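Reading through the structure tokens given below for one structure.
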Protein chains: 2
Amino acid sequence: MLLTDRQVLILQVIVDDFIRYALPVGSRSLSKKEEISFSSATIRNEMADLEELGFIEKTHTSSGRIPSEKGYRYYVDHLLAPQKVKTADVQIIKSIYAERIYELEKIVQKSARILSEMTSYTSIVLGPAVKDNRLRRLQIVPLNADTAIAIIVTDTGHVENRTFHFPANISPGEVEKMVNILNERLAGVPLVDLNAKIYKEIAVLLRQHIQNYDLMTEVLAETFKIPSNEKVFFGGKTNMLKQPDFTDLDKVRGLMAMIEQEEGISEMIRRNPEGINVKIGRENNNSVMENCSLITATYSIGAEKIGTIALLGPTRMEYSRVIPLLKFISADMSAVLTTLYQND
Amino acid sequence: MLLTDRQVLILQVIVDDFIRYALPVGSRSLSKKEEISFSSATIRNEMADLEELGFIEKTHTSSGRIPSEKGYRYYVDHLLAPQKVKTADVQIIKSIYAERIYELEKIVQKSARILSEMTSYTSIVLGPAVKDNRLRRLQIVPLNADTAIAIIVTDTGHVENRTFHFPANISPGEVEKMVNILNERLAGVPLVDLNAKIYKEIAVLLRQHIQNYDLMTEVLAETFKIPSNEKVFFGGKTNMLKQPDFTDLDKVRGLMAMIEQEEGISEMIRRNPEGINVKIGRENNNSVMENCSLITATYSIGAEKIGTIALLGPTRMEYSRVIPLLKFISADMSAVLTTLYQND
DNA sequence: TTTAGCACTCATGTTGCCAGAGTGCTAACA
DNA sequence: TGTTAGCACTCTGGCAACATGAGTGCTAAA
């Protein structure tokens, strides 16, 4: 079951070649490669063995071989010669963070865009769930007699806002008092806990200052319902169309539908553990991903994982270029975010 | 050059049929239709004339006919029997506005989504340019020693926010004063004019209260640079993939690239005049639009046009269903927005 | 163990053929 | 003069036959 050195070499060359040219690789063309010093017949024998072991497969009886998912898996796990990230690319990535951006979301979004541009695959970044941010400041801006905007600023510079309707008979003075109470009591509280706190602590206080305090409490609670999902950012949504692998319109439709939906893809990304992960084809447990690979890398503030940056491409992905790139970006992002937000 | 009644009838039936089935229409199948009481031979003669006049064309010598762009044009201009909007659809549209939403953007975005769902084409809505909104309130929330978020709330409930960096040595007290000054002086001013006002009126006032007033003024001016473009909202970006007309991957790629870019498509929409407009195929002056039509309808607050709602589909679009729908939605949106924002 | 050689397989492209849909034209008809 | 039936013609699309070329598996010799 263990592969011989020569088999490994052949597998490696097959995968490299197929990644490059997207065409089945035959024994004759292999025998012409520098790395390979034995004849096509020998290669054929070895290929037959490799096929039997499940590392490569044929598209039809007399075709060349293409890597199977297992073949890619072996390649990724054992054969990857990670390229160094090109200095030009390093420059570009560094420049994302060179501007003094504070807003976490912008950093994340920009990273997604650049990653997709550098790879011409589709990048997906799960931003930190807003619910885990902490409240920095709450403001209420009245718009008309019964409508106002609540603005929530978090410690990561994220601004969340939503309109709501006042219960009847509330005075500007009361609103002001309420805002003060809320800011005093809720600063530093994770958004996800706002609701509980409002019922537990704030309601009592409001009672002392506001007429319609019970209705108001309810409105506040409703207003501060924070979506529990991570935000999803995309880069190069339609890059898949450019890949020669996707000539089948139906496949494309399926993929696009999934990307459009956001749910499916973010769920798929989310279930990967910390660090860097490569999921090849059906390893993603999703029929539309049959010819796709997904590489994920988590990023963090300090030691705490806060999001995932992912790359979606054909199984025939340039792993050796892309994996180091993703590692680099996620590490760099983590570093930047950590200096920005660590000691808040 | 004027068409006879019979020619018009035939043209109408051809277009209707082709819109429905996406297959070239032959004389024999035409002759079997109820509406048509004369023989296939007669139809052939008429079709020959119609072709000579440029209203229909063949895909090959012995194929049935399909409408030309000129044919669609005539159909849209003269033959459209606008269907009534289905009551079910009316319900759905009404329900968009039934919830008491105040935020203009949400209304616009929701409209885009629903329009695309009802038509299975791609909808694009140009929201009002943020720069034309008026400032309702400005807030500044410090994030750390030198960074803060400026939050701009407009009269349409839009919240714009951006981070900026304080010049050195500014005290919390000074910031508060500044915010007060800005709110006093700038409330009701269109965002696009903020900059001018800051240099003309605010700078002088800041001078009296703030040490580093010149640097601060510059930072403010920089912060209040408002993007001049309309916001673009999409619905059903990938709906085009579902149309039988788009089997050619290259065409699809071109279209998707344009949609992804946002620039091209919004520019194309923008150059249509007020009211409802139908641009067929090359009338859009854009090679990727060759087999597409674009229908635009403007919406307004009171008498002032503030945005455009558009629908992108194949030239073989269901004009008779879709045009009334678009009319209805744009009118309804205008009505709702007018009651919400007219007297602000 | 390696390799040369050969028979075999299959995808691809070409050709010819046929059926079917559709046209254009002509001649007869109302 | 307008309408229609009929017929010859054209083109697409599907199918089968065939050649080609890339590639394989196997055998036998080195």
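Quick caveat, the model's predicted, so the values are computed rather than measured.
Here the closest heavy-atom approach between residue A:G264 and residue A:Q261 is recorded as N-OE1, 4.2 Å. Of all the heavy atoms in B:F18 and B:P67, the pair that sits closest is CD2-CD, 3.5 Å. Closest of all the heavy-atom pairs between B:A310 and B:L115 is O-CD2, 4.2 Å.
For B:K58, no side-chain nitrogen or oxygen approaches OP1 or OP2 of D:dT12 to under 4.0 Å. Contact annotation: A:R28 side-chain N/O to D:dG21 OP1/OP2 distance is not under 4.0 Å. Between B:S27 and C:dT23, a side-chain N or O to OP1/OP2 separation shorter than 4.0 Å is present.
Checked against ring-ring contact (aromatic ring centres under 6.0 Å, His included), A:Y74 has the following partners two or more places apart in sequence or in another chain: A:F55, A:H78.
As a whole-Å value, the separation of B:D49 CG from C:dT23 P is 14 Å. A straight line from CD of B:E51 to P of C:dC25 spans 11 Å, rounded to a whole angstrom. Between B:L23 atom CG and C:dG20 atom P there is a gap of 18 Å when expressed in whole angstrom units. A:Q7 has its CD atom 12 Å from the P atom of C:dT1, to the nearest Å. The distance between atom CE of B:M47 and atom P of C:dC25, rounded to the nearest whole Å, is 13 Å. In this entry the distance linking CG of A:L30 with C1' of D:dA22 reads 13 Å, nearest Å. Following rounding to the nearest Å, B:I43 (CD1) and C:dA21 (P) show an atom-to-atom distance of 17 Å. Atom pair A:R65:CZ and D:dG23:P shows a separation of 11 Å (rounding to whole Å applied).
Formation of a donor-acceptor pair under 3.5 Å by the B:R253 side chain with backbone atoms of A:L241 is found in this model. Of the possible polar contacts, one joining the B:S68 side chain to the B:G71 backbone as a donor-acceptor pair under 3.5 Å is found.
Between A:R65 and the options A:E57, A:E51, A:E46, a salt bridge (charged side-chain N to carboxylate O under 4.0 Å, His left out) holds for only A:E51.
Within 6.0 Å of atom CD in A:E52, 12 or fewer heavy atoms from other residues, nucleotides or ligands are found, so the atom counts as exposed in its surroundings. Around the CZ atom of A:R271, the shell of radius 6.0 Å holds more than 12 heavy atoms that belong to other residues, nucleotides or ligands.
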Got a list of protein N/O to nucleotides 2-5 of chain C N/O distances below 3.5 Å?
unit_1: C:dT2; atom_1: OP1; unit_2: A:R6; atom_2: NH1; d: 3.1
unit_1: C:dT2; atom_1: OP2; unit_2: A:R6; atom_2: NH2; d: 3.0
unit_1: C:dT3; atom_1: OP2; unit_2: A:S39; atom_2: N; d: 3.2
unit_1: C:dT3; atom_1: OP2; unit_2: A:T42; atom_2: OG1; d: 2.8
unit_1: C:dG5; atom_1: O6; unit_2: A:R44; atom_2: NH2; d: 3.1

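Secondary structure note: stems in DNA chain D built from 3 or more consecutive Watson-Crick or G-U wobble pairs under 3.5 Å occupy C:1-30 with D:1-30.
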